[in-house]
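Some notes on the structure that comes next.
In listed order, ligands and their atoms are each counted from 1.
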Amino acid sequence: MLRIITQWVEAQAELRRICDRTHDELVVHKEATVREVLQAVKRKGDKAVLHYTAEFDRMTLNAEELRVSGAELDAAYQQVSKELLNAIRTACKQVEAFHRQRVPKSWVQFGDDEVVLGKRYTAVDRAGIYIPGGQASYPSSVIMNAVPAKVAKVPRLVMCTPPGQEKKMNPAVLVAAQEAGVDEIYRVGGAQAIAALAYGTETIPKVDLITGPGNIYVTLAKKLVYGTVGIDSLAGPSEVLIIADGKANPVHVAADMLAQAEHDSMASAILLTADSVLARKVVAEVERQLANHPRRTLTEKAIVNYGLVVVVDSLKTAAELSNEFAPEHLELQVADPWALLPQIRHAGAIFLGYSTPEAVGDYLAGPNHTLPTSGAPRYASPLCVETFMKHSSLIEYSPTALKKVAKAINVLAEAEGLPSHADSVRLRTENQGDAEF
Ligand SMILES: NC(=O)c1ccc[n+]([C@@H]2O[C@H](COP(=O)([O-])OP(=O)(O)OC[C@H]3O[C@@H](n4cnc5c(N)ncnc54)[C@H](O)[C@@H]3O)[C@@H](O)[C@H]2O)c1
Ligand SMILES: N[C@H](CO)Cc1c[nH]c[nH+]1
Ligand SMILES: [Zn+2]
């Protein structure tokens with residue numbers, strides 16, 4: 001069921017097909033649905049949100065029920081065990097500690113002639129975090145999105161997540177939201193949630209930035225609303241690529257592959273190894289662990305369609321193929337992962353060594369688990385505090401400093417055919433002696 005490939009050309013083609021799975025022809029009709037949802041929510045607000053919630057989430061709500069009430073939030077604490085509450089608090093603490101390490105700081109530098117240059121960082125006014133909730137519930141994603149937003153000091157933090165079963169939200173998600181500092185929660189999922197956050201409705205506020213992972217509908221919607229609002233990255237269906245040597249434990253490698261495959265039928269799990277014995281053992285082990293898997297149907301679909309084992313000739317070749325694929329998660333299950341690391345150029349998160357399963361990063365190591373997918377790690381990075389901030393450039397020139405650059409600006413403005421640009425400098429500096437370069 002999990003295919004083994006040994007030919008370089010075939011491996012490259014298969015890896016490209018898997019990498020492109022969220023923007024190939026199979027998703028064209030999904031994009032049409034998403035465009036329809038976006039337009040309807042933009043025009044009809046709550047009415048469209050409620051309509052699509054009934055259609056895609058099979059949940060009939062009225063507008064007053066969209067926002068999760070204070071009573072529900074209070075009750076959630078009674079519905080989680082002490083152990084789960086403690087785990088949520090531990091994860092919040094570790095994720096916060098990691099994200100506090102690199103909070104962008106405003107800075108200025110003072111140059112000659114009283115020139116001041118710098119950058120001034122400010123948080124977005126309103127951020128909307130999307131927390132997935134179709135195939136699984138994600139209290140961990142609440143923490144990964146809300147904590148950096150709070151560290152960035154976002155004044156208003158809004159959360160949307162699918163409505164759950166029988167009007168009952170997952171209490172762990174509601175507790176995580178409160179622990180992490182979310183200000184308001186709406187039970188809306190999919191493209192309709194992204195549309196509501198991007199355009200605003202009577203009930204759900206329009207935000208400036210939308211972050212958070214999601215399935216293909218959520219990811220396409222985020223892509224399409226970009227420009228109306230900012231987005232973090234295209235954090236779509238999960239993927240893991242494992243580079244393993246002969247000392248890796250096939251039981252662990254298989255478990256790590258299934259740990260991503262179980263997220264979504266569009267998830268992907270790939271093994272690159274130079275050890276053909278390990279390759280065969282992992283294939284057998286994946287089948288064995290799948291046999292009694294509680295999420296077997298969905299997980300098997302992911303493995304059949306987007307799972308792959310490639311037998312390569314060396315770790316160097318594995319690194320080259322991995323760089324072409326640019327995985328969301330990369331595990332280096334090799335004897336000396338730090339020696340292999342310099343060859344790795346593109347990956348959302350890199351897990352080093354045999355005892356670092358990707359799940360440790362999913363839940364509480366500290367770095368963010370909201371990561372770019374489908375090749376986006378070639379140009380995008382994990383969610384972080386800076387995602388919730390932007391900076392303005394700062395520029396101050398004294399009359400003396402302006403005079404010194406007047407001529408150069410004049411020449412450049414003339415070259416661009418923009419006389420008023422030249423005038424704006426000349427009128428401030430003429431009759432003050434010759435300009436210098
Ligand atoms: N990249 C990351 O950082 C990261 C992190 C966590 C999870 N994930 C991914 O997030 C995703 C979560 O997916 P999920 O499905 O569990 O939850 P989800 O909340 O992303 O999607 C559920 C929503 O999809 C909409 N939907 C479902 N079927 C539809 C259809 N036929 N037409 C239109 N809309 C439809 C529904 O409105 C529903 O509310 C997975 O792909 C998982 O791999 C990614
Ligand atoms: N692996 C997911 C990112 O692709 C994140 C996650 C949350 N919970 C479990 N896993
Ligand atoms: Zn995961």
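- With 3.5 Å as the limit, one finds a donor-acceptor pair spanning the side chains of Tyr52 and Glu36.
- Formation of a donor-acceptor pair under 3.5 Å by the Gln289 side chain with backbone atoms of Val251 is found in this model.
- Under a 3.5 Å cut-off, the side chain of Ser106 and the backbone N or O of Tyr121 do form a donor-acceptor pair.
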Does ligand 1 have any N/O pairs with the protein under 3.5 Å, and how far apart?
unit_1   : atom_1 : unit_2 : atom_2 : d
ligand 1 : 1 (N)  : Gly236 : O      : 3.1
ligand 1 : 1 (N)  : Glu328 : OE2    : 3.0
ligand 1 : 1 (N)  : Leu371 : O      : 3.1
ligand 1 : 3 (O)  : Glu328 : OE2    : 3.3
ligand 1 : 3 (O)  : His369 : O      : 2.9
ligand 1 : 3 (O)  : Leu371 : N      : 2.9
ligand 1 : 15 (O) : Asn215 : ND2    : 3.3
ligand 1 : 16 (O) : Gly134 : N      : 3.3
ligand 1 : 16 (O) : Gln135 : N      : 2.6
ligand 1 : 17 (O) : Gly133 : N      : 3.4
ligand 1 : 17 (O) : Gly134 : N      : 2.9
ligand 1 : 19 (O) : Tyr130 : OH     : 2.6
ligand 1 : 19 (O) : Gly133 : N      : 2.9
ligand 1 : 20 (O) : Asn215 : N      : 2.8
ligand 1 : 21 (O) : Asn215 : ND2    : 2.8
ligand 1 : 24 (O) : Asn215 : ND2    : 3.1
ligand 1 : 31 (N) : Tyr217 : OH     : 3.1
ligand 1 : 37 (O) : Asp57  : OD2    : 3.0
ligand 1 : 37 (O) : Gln192 : NE2    : 3.1
ligand 1 : 39 (O) : Asp57  : OD1    : 2.5
ligand 1 : 39 (O) : Asp57  : OD2    : 3.2
ligand 1 : 41 (O) : Asp264 : OD2    : 2.5
ligand 1 : 43 (O) : Ser238 : N      : 2.9
ligand 1 : 43 (O) : Ser238 : OG     : 2.7

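- Protein N, O or S atom count below 2.8 Å of the Zn ion (ligand 3): the structure gives 2.
- Inspection of the Asp46 and Thr203 side chains reveals an N or O donor paired with an N or O acceptor under 3.5 Å.
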Donor-acceptor pairs under 3.5 Å, side chain of residues 211-218 to any protein atom, not counting sequence neighbours: which ones?
unit_1 : atom_1 : unit_2 : atom_2 : d
Thr211 : OG1    : Asn145 : OD1    : 2.9
Asn215 : OD1    : Tyr217 : N      : 3.1
Asn215 : OD1    : Val218 : N      : 3.2

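- Side-chain atoms of Thr273 and Asp275 include no donor-acceptor pair closer than 3.5 Å.
- For the residue pair Ser141/His369, the side-chain donor-acceptor check at 3.5 Å is satisfied.
- A donor-acceptor pair under 3.5 Å is formed between the side chain of Glu331 and the backbone N or O of Glu358.
- A donor-acceptor contact closer than 3.5 angstrom links the side chains of Tyr354 and Asp245.
- Taking CG from Leu38 and NZ from Lys42, the interatomic distance works out to 9.0 Å, rounded to the nearest 0.5 Å.
- Between Ala172 and Leu84, the shortest heavy-atom distance links the atoms CB-CD2, 3.8 Å.
- Near ligand 2, residues Tyr138, Ser140, Ser238, Gln260, His263, Glu328, His329, Glu358, Asp362, Tyr363, His369 come within 4.0 angstrom through at least one heavy atom.
- Looking only at distances, a side-chain donor or acceptor of Glu239 sits under 3.5 Å from a matching main-chain atom of Ser374.
- No hydrogens or angles considered: nothing links the side chains of Lys119 and Ser393 as a donor-acceptor pair under 3.5 Å.
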